[in-house]
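Just so you know, ligand 1 is whichever comes first in the structure, and atom 1 is the first atom listed for that ligand. We number each residue from 1, following the sequence as shown. All figures in this text were calculated on a predicted structure; none of them were measured in a lab.
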Amino acid sequence: MDDELTITAILRRAEQFSPDREVVSREPDRSLHRTTWSAIGGRVRRLASALLGLGLRPGARVATLCTSHRRHLELYFAAPIAGLVLHPLNPRLRVEDLAYVAGHAADEVLVLDEAFLPIYEQLRETTSFRHVVVIGAATGEAISYEALVERGRADWVPPDLPERSTALIGFTSGTTGRPKGVEFTHRAVALHTLSSSLHGWLAVRDTDVLLPVVPMYHALAWGWPYTAALLGAGLVLPGPFLDPASLLELFDSERVTLTGGVPTIWTGVLHALDAEPKRYDLTPLRAILSGGSTAPPSMIAGYAERHGLNLVHTWGMSELMMGAIAELSAELQQADPEQQQRHREMQGRPMPFVEIRAGGEDGFVAWDGESLGELEVRGPWVAREYLAEPDASARQWTDDGWFRTGDIVTITPGGYLGIADRAKDLIKSGGEWISTPALESALAAHPAVAEAAVVGVTDERWGERPLAVIAFHPGTSATPDELREFLLPRVARWWLPERIEIVAAVPKTAVGKFDKVALRRTFTSRGADS
Ligand code: AMP
């Protein structure tokens with residue numbers, strides 16, 4: 001019982017018990033590369049020993065600038081089992097933010113996809129990596145990834161590592177202020193993997209085939225690369241191709257059973273399915289997990305009613321990977337359909353070992369499904385502080401070690417979380433709260449609406465009023481008055497947005513969520529509907 005919980009043990013499990021399970025990876029030329037957990041294990045050992053051969057000290061940080069593919073997967077194992085720390089960088093961040101996070105994490109090595117060399121050209125002026133490794137053709141001082149793997153030793157034996165040593169670093173996407181870094185230990189990853197793969201709809205078996213659409217640089221792909229390895233499941237990595245047609249092709253050809261990503265991806269996929277309902281065979285797909293922002297009820301219903309597919313809410317954060325997954329408890333499975341539907345629209349119950357509470361104005365709020373409070377969490381994989389940010393850490397963690405999430409929630413007596421809003425996005429109009437996700441969901445139910453984002457704008461009379469920014473599906477439209485008419489029976493009258501702006505596409509953050517900071521900046525200076 002004194003064995004350490006490490007990523008090394010996760011990889012060993014995949015190699016020993018599921019050596020022939022397939023890992024499929026979409027290459028830059030769109031072809032599919034097929035390999036196995038056993039072959040990956042061999043390459044990981046070579047790569048790990050080659051990384052150490054670069055002269056890195058234990059704990060040195062290895063950054064990646066890569067989409068989701070087999071070599072990124074090798075790095076997910078090789079760096080941590082060598083006693084190094086993997087830091088996946090989000091290529092969609094602004095170059096200044098990338099330079100900041102690489103500097104803040106003290107990254108020594110950068111491994112990048114050839115396609116991201118133009119980003120590196122901009123980065124190199126303000127960063128100083130000791131080694132640059134290119135997946136593809138390397139020029140100048142850069143090393144080619146395959147040459148590096150070649151240098152490594154297949155008979156290298158991973159060192160025994162303490163479970164509380166750092167394995168990974170992730171950064172928040174920085175929608176407010178600078179991105180902030182968090183460290184995850186081997187133990188945190190091992191326990192997150194175990195707990196998430198047991199819980200709710202995820203409940204992974206070795207017959208499953210997982211396709212994480214959530215990129216390996218966002219919330220560590222919710223830990224799915226490790227989940228697949230620990231449970232010996234198949235894994236499909238989509239490379240840079242995240243458009244609906246490419247994803248649907250993979251679900252069909254690879255007989256994917258579980259997939260997960262942000263709602264903006266699932267909106268596009270639903271639209272593609274609606275256009276050609278018979279084109280793809282998705283029979284094996286037992287759940288589509290959706291997290292990162294609220295999945296509109298109309299989308300959950302659209303998948304279920306028109307395509308017989310389960311769209312399941314998960315709640316997570318960069319600070320903890322996955323935290324809650326929606327499932328119907330034994331009790332709810334006996335409940336009436338309306339009550340079941342209401343629970344499917346919530347964010348679910350926390351995974352085993354995650355504890356929750358919600359802080360209100362007078363202490364912690366009751367678990368009555370109505371009282372609103374700020375969600376606080378703790379658990380063995382919830383980060384304990386931000387990297388080198390003592391002030392932000394002191395604000396975000398309570399004295400007794402709970403992490404303040406900034407999410408305003410209700411909690412039902414059964415422990416189901418309902419996210420009403422982010423604290424900073426909640427609109428207070430005439431002294432009453434308006435939930436932006438609820439208003440967005442109501443707008444998203446209109447058949448012409450592809451995307452609906454709502455932000456609060458200052459108003460002399462009411463303090464704040466909602467402003468809606470709408471993008472339509474190609475070839476469809478509606479006037480602002482028609483949209484308000486549609487909303488009327490669905491929300492309180494005083495929630496109706498006076499201003500509705502029509503755009504070609506709602507701007508998104510680096511992780512694919514609506515960029516509310518940009519929306520406020522763009523629209524707060526203008527007047528009427530456009
Ligand atoms: P990030 O660190 O970028 O993954 O953002 C974390 C935040 O995303 C959370 O604090 C929530 O506000 C939001 N979020 C995550 N999952 C959900 C969900 N299922 N529904 C609504 N909001 C979510």
Among W381, F184, F77, the one residue meeting ring-ring contact (aromatic ring centres under 6.0 Å, His included) with Y226: F77

Would you please write out the protein residues whose heavy atoms approach any atom of ligand 1 to under 4.0 angstrom, listed by chain and number? S173, H218, G291, G292, S293, T294, H313, T314, W315, G316, M317, S318, Q347, D407, I419, R422, K513

One thing to verify: whether R61 and E183 come together as a salt bridge, which I'm taking to mean a side-chain N less than 4.0 angstrom from a carboxylate O. yes

Do D407 and W315 get their side chains close enough for a donor-acceptor pair, meaning under 3.5 Å? yes

Using the salt bridge (Lys or Arg N to Asp or Glu O under 4.0 Å) criterion, which residues pair with E385? Sequence neighbours excluded. none

So, D421 and T436: side-chain donor and acceptor under 3.5 Å apart, yes or no? yes

Identify whether the distance between the nearest side-chain nitrogen and carboxylate oxygen of E376 and R357 falls below 4.0 Å. yes

